[in-house]
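Count residues from 1 along the sequence.
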Amino acid sequence: MNRDAAAEYLTGHIPGAVRFDIDAIADHSTPLPHMLPDAAQFARDVGALGIADTDTIVIYDGAGMYAAPRVWWTFRVFGAEKVFILDGGLPKWSAEGRPLEAGPVKREPRTFRAHKHVDLVAALATVRAALASGSAQVVDARPHERFLGQAPEPRPGLRSGHMPAALNVPSTSVVQNGRLAAPEKLRAAFAVGGVDLDAPIITTCGSGVTAAILWFALDALGKAPQALYDGSWSEWGSRGDLPVEPKP
């Protein structure tokens with residue numbers, strides 16, 4: 001979003017809140033952006049933030065509903081069960097006149113026992129197989145113009161367009177005023193995108209962030225997806241050996 005999240009956090013955050021940096025708590029062995037780390041790194045980094053797997057964990061972001069679902073999904077992938085998203089995030093909290101504090105927060109280290117639910121994370125081979133066989137619907141959360149190849153990708157070196165046979169439900173269509181839209185609006189958004197809510201779904205996007213917004217919306221409807229494609233278009237769009245529609 002071309003914002004300085006670290007600076008915004010230090011300027012003002014919910015009292016006692018620690019900052020989860022999706023670019024720091026990530027796999028640094030790959031050039032792909034903010035890919036999931038392994039269980040050992042997640043346990044170490046999150047434990048250092050003072051978070052245990054048995055805690056009740058509340059996630060929020062500065063936009064209301066943008067990166068929070070990615071962090072919510074990440075905690076669930078690594079075994080946390082009591083994870084929630086603050087409705088409306090920081091914008092709603094601030095609009096209601098609730099307190100903020102500035103500066104860093106240091107909590108006592110805790111033990112986070114992480115185990116990675118690998119079945120919730122789709123690799124490239126899984127996505128290719130699903131597209132070829134129709135065994136799962138691959139639903140892209142990017143804006144419609146980018147999906148159609150009518151707008152450039154924000155990351156350099158990526159082709160424009162989409163995976164053949166993928167469907168498009170822009171993440172903005174399931175968010176209203178920084179909050180998850182009402183259930184009827186969620187169902188309508190997926191219907192417009194041609195998604196069968198009763199069939200398996202793999203969510204994807206540009207880099208695995210807004211794909212989690214679709215996951216959160218589907219979960220709210222009781223239709224949790226099969227998996228999220230972590231590499232998303234950052235991986236697919238950078239590979240000249242993978243097909244793209246419309247063809248360049």
Side-chain angles (χ1 to χ4, degrees), residues 1 5-6 18-55 57-61 63 65-85 110-131 136 138-142 153-155 158 163 166 171 200-219 224-239 242:
M1 298 184 75
V18 293
R19 179 167 180 255
F20 186 105
D21 185 344
I22 64 172
D23 291 313
I25 304 177
D27 180 359
H28 300 294
S29 68
T30 171
L32 296 173
H34 39 254
M35 294 282 284
L36 289 176
D38 61 24
Q41 181 190 344
F42 187 84
R44 182 184 70 246
D45 291 351
V46 172
L49 291 177
I51 302 171
D53 55 293
T54 54
D55 285 339
I57 303 163
V58 180
I59 315 295
Y60 74 90
D61 64 40
M65 179 67 69
Y66 188 76
R70 169 70 186 196
V71 180
W72 169 85
W73 174 78
T74 299
F75 271 101
R76 292 183 63 172
V77 166
F78 285 102
E81 296 182 354
K82 296 179 290 184
V83 192
F84 304 89
I85 292 179
R110 301 285 302 283
T111 298
F112 193 103
R113 293 181 294 270
H115 56 279
K116 191 173 185 177
H117 294 288
V118 294
D119 55 317
L120 300 181
V121 187
L124 174 61
T126 305
V127 175
R128 295 184 74 176
L131 290 167
V138 177
V139 185
D140 193 325
R142 291 178 301 152
E153 288 297 305
R155 290 179 177 82
L158 298 184
M163 306 168 204
S171 62
I201 295 170
I202 297 172
T203 63
T204 184
C205 60
S207 65
V209 174
T210 59
I213 298 177
L214 295 190
W215 186 297
F216 187 61
L218 289 162
D219 188 80
Q226 173 180 299
L228 183 152
Y229 176 24
D230 202 19
S232 283
W233 196 252
S234 292
E235 181 174 34
W236 191 286
S238 68
R239 292 272 301 264
L242 297 176

Stepwise side chain to side chain contact (heavy atoms under 4.5 Å, CB included) test for K82 and D55: CA-CA 7 Å; K82 296 179 290 184; D55 285 339; over 6 Å; no
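- Between F20 and I57 the shortest side-chain heavy-atom distance does not fall below 4.5 Å.
- Looking at L242 and L124, their side chains come closer than 4.5 Å, going by heavy atoms from C-beta outward.
- Taking all atoms of both residues into account, the shortest heavy-atom contact from W233 to M163 is CZ3-N, 3.5 Å.
- Using bins of under 30°, 30° to 60° and over 60° for the plane-to-plane angle, the ring pair H115/H117 lands in the perpendicular bin.
- Rounding to the nearest 0.5 Å gives a distance of 9.0 Å between CD of Q226 and CG of D119.
- Applying the salt bridge (charged side-chain N to carboxylate O under 4.0 Å, His left out) test to every pair with at least one member in residues 66-78, sequence neighbours left out, gives these pairs: R70-D230, R76-D219.
- Of all heavy-atom pairs spanning A43 and F112, the tightest one is CB-O, 3.2 Å.
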Worked check of side chain to side chain contact (heavy atoms under 4.5 Å, CB included) between L49 and I25: CA-CA 11 Å; L49 291 177; I25 304 177; 4.0 Å; yes
Side chain to side chain contact (heavy atoms under 4.5 Å, CB included) evaluation trace for V138 with Y229: CA-CA 9 Å; V138 177; Y229 176 24; 5.9 Å; no
Verdict with reasoning, W73 to V121, per side chain to side chain contact (heavy atoms under 4.5 Å, CB included): CA-CA 10 Å; W73 174 78; V121 187; 4.0 Å; yes
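- Between D23 and D21 the shortest heavy-atom distance is N-OD1, 2.9 Å.
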Could you give the side-chain donor-acceptor pairs of residues 202-213 under 3.5 Å, partners two or more places apart or in another chain?
{"residue": "T203", "atom": "OG1", "partner": "A211", "partner atom": "O", "Å": "3.2"}
{"residue": "T204", "atom": "OG1", "partner": "S232", "partner atom": "OG", "Å": "3.1"}
{"residue": "S207", "atom": "OG", "partner": "H34", "partner atom": "NE2", "Å": "2.8"}
{"residue": "S207", "atom": "OG", "partner": "R155", "partner atom": "NH2", "Å": "3.0"}

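- In this structure, the side chains of P69 and I85 come closer than 4.5 Å at one or more pairs of heavy atoms.
- For F78, the ring pair (Phe, Tyr, Trp, His ring centres under 6.0 Å) partners are F42, not counting sequence neighbours.
- We find the CD-CG distance between E235 and L32 to be 5.5 Å, quoted to the nearest 0.5 Å.
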